[in-house]
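Remarks on the structure that follows.
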There are 2 protein chains.
Amino acid sequence: MGRKKIEIKLVKNIEARYVTFSKRRKGLFKKASELSILCGARVGLLGFSPSGKPFAFGSPSFQVVIDEYLHEGGVETFENGEIGNLNEELKDLKKEIKVEDKKIEEVDKGIIPTDLSLEELQKVKTSLKELQGEIEAASSLLLLAKKPVFIIQG
Amino acid sequence: MGRKKIEIKLVKNIEARYVTFSKRRKGLFKKASELSILCGARVGLLGFSPSGKPFAFGSPSFQVVIDEYLHEGGVETFENGEIGNLNEELKDLKKEIKVEDKKIEEVDKGIIPTDLSLEELQKVKTSLKELQGEIEAASSLLLLAKKPVFIIQG
DNA sequence: CTCACTATCTATAACAA
DNA sequence: TTTGTTATAGATAGTGA
């Protein structure tokens, strides 16, 4: 999406890193907004910049997402017993991913040979990261669903 | 980004809506993941599908974002007094946006004439939605910063 | 950190399965 | 709700201010 294809890994140059962050955060907000409007979904986003500054986004609002989570997105969303099963599945997935992650690391270091091109390897790594993110988040949701939940002091 | 340019508004056909949701959620996760990896940012995402099913994503993990928010992203991020000022600014911005929103609605209904092309109008509307999302979220962050915060029961 | 420019790379709308 | 294909619309890397 730019003058050149880039690898998805930490941008070394700090200045360039901030520029990239600024541009892509904007892009992410836009995507989140579009998803919400096009599909009637609700999306909340919370994060921290490279320098540790918080940023957030919500559509139709951040608060709506929190409220929906508190009132409907928690325990009631899952059938009885379902949570335990899902947790087991997630545990297995995490194990598998850990194995794959280690494998890739060793390929990277040349310890293990591979038939994959650098480009293909990059894709695998990126996919793995995404999967990790989803699984991790799913775990968190399940955890929160089991032990309710975010409480907002007020 | 597809065969045709589309307006950013609720997809009428429900089947198509779900397809769009499925694809764009995937895209959003990818963008969030890339932002995190490229810039060393932490990103957490929580939302609900059109049908009310929760989804979440985190990079490097959902939990990391929550933890950082609890420990560093809250009150300490803002200087004393800064919060009050920011809240005032946000209040003003919200008012302005409300006005603009109403204006656009009336333009849509033909009550107010406009020199803008449909395309330009669409852009303005989309930008406004994004701005709303950011401002709303900023408000939430400030609110949470003032009245600390998410508490995770355990 | 933001803004503008523009050559390229990517995400995705429409369609079918 | 998910997946694959293909033509396009849209995002963004590199660069300079």
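Here is the naming used below: chain letters follow the sequence lines, and residue numbers restart at 1 for every chain. Any value given below was found using the heavy atoms of this structure, including those in side chains, with hydrogens, waters and symmetry copies removed.
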Inset, instruction - Give B/R17 one of three labels, base, sugar-phosphate or nothing, depending on what nucleic acid heavy atoms sit under 4.0 Å from its own. - result: nothing
Legend entry - Interatomic distance at P, C/dC1 relative to D/dA17, whole Å: 23 Å
Legend entry - Side-chain donor/acceptor of A/K23 to base of D/dG14, under 3.5 Å: yes
Inset, instruction - Could you say whether B/S22 or A/K26 is positioned toward the 5' end of DNA chain D, judged by the nucleotide with the nearest heavy atom to each? - result: B/S22
Legend entry - Atom-to-atom span, CZ of A/F29 to P of D/dG10 - whole angstrom: 21 Å
Legend entry - Nearest-angstrom distance from the residue atom NZ of B/K30 to C1' of C/dT12: 12 Å
Inset, instruction - Evaluate the side-chain proximity of A/V65 to A/F57: yes if any heavy-atom separation is below 4.5 Å, no if none is. - result: no
Inset, instruction - Nearest whole angstrom, please: distance from the C1' of D/dA11 to the CZ of A/R25. - result: 16 Å
Inset, instruction - Measure from CG on A/L28 to C1' on D/dG10 and round the result to the nearest Å. - result: 15 Å
Inset, instruction - Determine whether B/L45 and B/F55 make a side-chain contact, defined as any pair of heavy atoms from C-beta on separated by less than 4.5 Å. - result: yes
Inset, instruction - To the nearest Å, give me how far apart NZ (B/K5) and C1' (D/dA11) are. - result: 13 Å
Legend entry - Exercise: identify the closest heavy-atom pair between A/I37 and B/K9: CG2-CA, 3.7 Å
Inset, instruction - Could you say whether A/E15 or A/K4 is positioned toward the 5' end of DNA chain C, judged by the nucleotide with the nearest heavy atom to each? - result: A/E15
Legend entry - Per A/T20 side chain, nearest of listed nucleotides D/dA13, C/dT12, D/dA11: D/dA13
Legend entry - Gap between atoms CZ and P, on B/R24 and D/dT1 respectively (whole Å): 18 Å
Legend entry - pair A/S51-A/F21: side-chain heavy atoms closer than 4.5 Å: no
Legend entry - Whole-Å distance separating the CE atom of B/M1 from the C1' atom of D/dT6: 15 Å
Legend entry - B/R3 (side chain) and D/dT6 (base): donor-acceptor pair under 3.5 Å: yes
Inset, instruction - For atom CG of B/L10, decide whether the heavy atoms of other residues, nucleotides or ligands shown that lie under 6.0 angstrom number more than 12. - result: yes
Legend entry - First encountered from the 5' end of DNA chain D, between A/E34 and B/P50: B/P50
Inset, instruction - Establish whether the base of D/dG10 is bridged to the side chain of A/K31 by a donor-acceptor pair shorter than 3.5 Å. - result: no
Inset, instruction - Would you mind reading off the distance between B/K12 atom NZ and C/dA13 atom P, rounded to a whole angstrom? - result: 17 Å
